[in-house]
Amino acid sequence: MSQALPNLREISLSDAAKLSFPITRIRTDEDVELWKNMPSYRDYSIFLRRLNDSVIGHYLPWNCNQPNDIPPLQSPQRFGNLAFRTWGKRLEDRADEILSALLGDAFISLTPHVKPLFLGSFGSFTRMDYGTGHETSFALFLLCLTLARFIIPVAEEEREIVLRVFVRYLQLCWKLQDTYRLEPAGSHGVWGLDDYSFLGYIFGSSQLRGQDTIPVSTVLQPPLSPTNLYFMSIMRIHEVKRGPFHEHSSQLYSIATGVPNWTKVNTGLLKMYEAEVLGKRVVVQHIPLGGILSWDIDEAVRPPATGIGPKSIGNKTSYQRAGPQGENTVYPTSAPWAARPPY
């Protein structure tokens, strides 16, 4: 059983209106260490672990095939089809419209706070690459929506973030990588975990925690079930790489042959993510920080009251939380998936 995790801070829309907008701030290794003492880093650490724990024992019934209406150009380049810049320019032009449709009138003021993170989630349109820094930008985009309570941080919604939103995002990014031949950003090659992504392995290993019928070594016996994010990520590697698995994916092979259970896999991957992704300047230097993702080292961390479950009001799903005097206060959620049953 996982231990109870701290609650996330809550930032009101009125407070958010007084904050600066996020910009790139990490330029040196010292800045990386500075960020680790910021409230935003602590927020992200708590958020990631809450998402991680929310999917224990839950599996994926959901699938999506992404259409593509900007075909690649005929190009001699091995990496980076120039049509990706056209795709990126269209996304930049439509970002306000997309975010307005997502957030609705009540949360439209969040747009300038989350837009830089949203645009940074799908790769670099200049370098025509994609990597774990872009994946982290998307996770921080979701964190901002949660801190502002567009998404309510309770297990049901956190599970939907992983099994519905993140899966769809991951499949879209795979489509972009294939269509536009995006170069891996900051890849360690054979010595890294994966050329493009990391979070799918964390969430997938957490899905398998607490059971002993599917051993870690199962990943060496493809094809693997698409009901698990770790398995999906492994099968993705088999689609794009050729040759023996132990040669082109030595880290994953070592995990499959040397780690005794999924709990240890999950714990180790969380530590590896902090060290190899969040701890590397070349990975996080392009992520915009500040505003909701506080860059103030002296800012106090104010945890919200404890979530206690869903409550339906009319045709809108809301959640009750214990107030300061123990009374129940209703906080509506505007997340589009809130009215759907959890997996």
Side-chain angles (χ1 to χ4, degrees), residues 2-23 25-26 32-54 102-103 106-118 136-162 165-166 199 270 273-274 278 284 287-310 318-335 338:
S2 59
Q3 295 181 345
L5 290 166
N7 291 305
L8 281 166
R9 291 188 304 148
E10 180 174 357
I11 297 176
S12 69
L13 293 178
S14 59
D15 288 341
K18 304 172 187 176
L19 299 174
S20 61
F21 301 140
I23 58 173
R25 299 175 184 270
I26 295 176
V32 177
E33 296 305 312
L34 186 63
W35 183 40
K36 291 181 179 180
N37 292 306
M38 300 288 181
S40 57
Y41 190 94
R42 293 192 292 272
D43 288 337
Y44 185 50
S45 180
I46 293 170
F47 182 63
L48 184 59
R49 282 163 173 76
R50 289 181 65 93
L51 296 184
N52 184 63
D53 280 11
S54 74
L102 170 69
L103 298 173
F107 289 87
I108 192 66
S109 61
L110 291 178
T111 298
H113 292 283
V114 301
K115 181 179 175 180
L117 292 158
F118 176 73
T136 298
S137 185
F138 184 72
L140 289 169
F141 163 72
L142 295 173
L143 169 62
C144 286
L145 297 182
T146 305
L147 291 175
R149 294 308 189 263
F150 175 79
I151 300 169
I152 303 299
V154 293
E156 292 85 354
E157 290 207 32
E158 289 163 341
R159 189 175 306 125
E160 290 279 328
I161 289 175
V162 177
V165 178
F166 181 75
L199 292 178
L270 282 166
Y273 180 75
E274 290 180 350
L278 301 183
V284 298
I287 296 176
L289 298 168
I292 293 177
L293 297 178
S294 172
W295 188 256
D296 183 359
I297 196 169
D298 297 321
E299 182 178 311
V301 177
R302 178 174 56 85
T306 304
I308 61 174
S318 301
Y319 290 87
Q320 283 188 336
R321 235 179 282 136
Q325 305 302 322
E327 70 276 11
N328 287 333
T329 306
V330 173
Y331 294 80
T333 174
S334 294

Heavy-atom closest contact ([X] atom, [Y] atom, distance):
X: L5; Y: D53; answer: CD1-OD2, 3.6 Å
X: I151; Y: E157; answer: CG2-OE1, 3.4 Å
X: A16; Y: H113; answer: O-NE2, 3.0 Å
X: V114; Y: C144; answer: CG1-CB, 3.7 Å

Please walk me through it: do T136 and V284 pass side-chain contact (heavy atoms from CB on, under 4.5 Å)?
CA-CA 8 Å; T136 298; V284 298; 5.6 Å; no
[Y] side chain reached by [X] side chain, heavy atoms, under 4.5 Å:
X: L117; Y: I287; result: yes
X: F138; Y: L199; result: no
X: F107; Y: L145; result: no
X: L102; Y: F118; result: no
X: P22; Y: L293; result: no
X: I26; Y: W295; result: yes
X: R159; Y: V162; result: no
X: E274; Y: L270; result: no

Sub-3.5 Å donor-acceptor pair from the side chain of R42 to the main-chain atoms of N37, do we have one?
yes
Under 3.5 Å: donor-acceptor pair, side chain of T146, backbone of L142:
yes
Spacing of [atom1] belonging to [X] relative to [atom2] belonging to [Y], to within rounding of 0.5 Å:
X: S109; Y: L103; atom1: OG; atom2: CG; answer: 8.5 Å
X: L48; Y: Y273; atom1: CG; atom2: OH; answer: 6.0 Å
X: L8; Y: R149; atom1: CG; atom2: CZ; answer: 6.0 Å
X: Y44; Y: L147; atom1: OH; atom2: CG; answer: 12.5 Å
X: K18; Y: L13; atom1: NZ; atom2: CG; answer: 12.0 Å

Candidate pair F47 and I161, rule side-chain contact (heavy atoms from CB on, under 4.5 Å), full reasoning:
CA-CA 11 Å; F47 182 63; I161 289 175; 4.2 Å; yes
Dump the intermediate steps for side-chain contact (heavy atoms from CB on, under 4.5 Å) on I292 and D43, then the final yes or no.
CA-CA 10 Å; I292 293 177; D43 288 337; over 6 Å; no
Modelled atom types, side-chain donor and acceptor of W35 and S40, under 3.5 Å:
yes
Flag for S54-R50: side-chain donor and acceptor within less than 3.5 Å
no
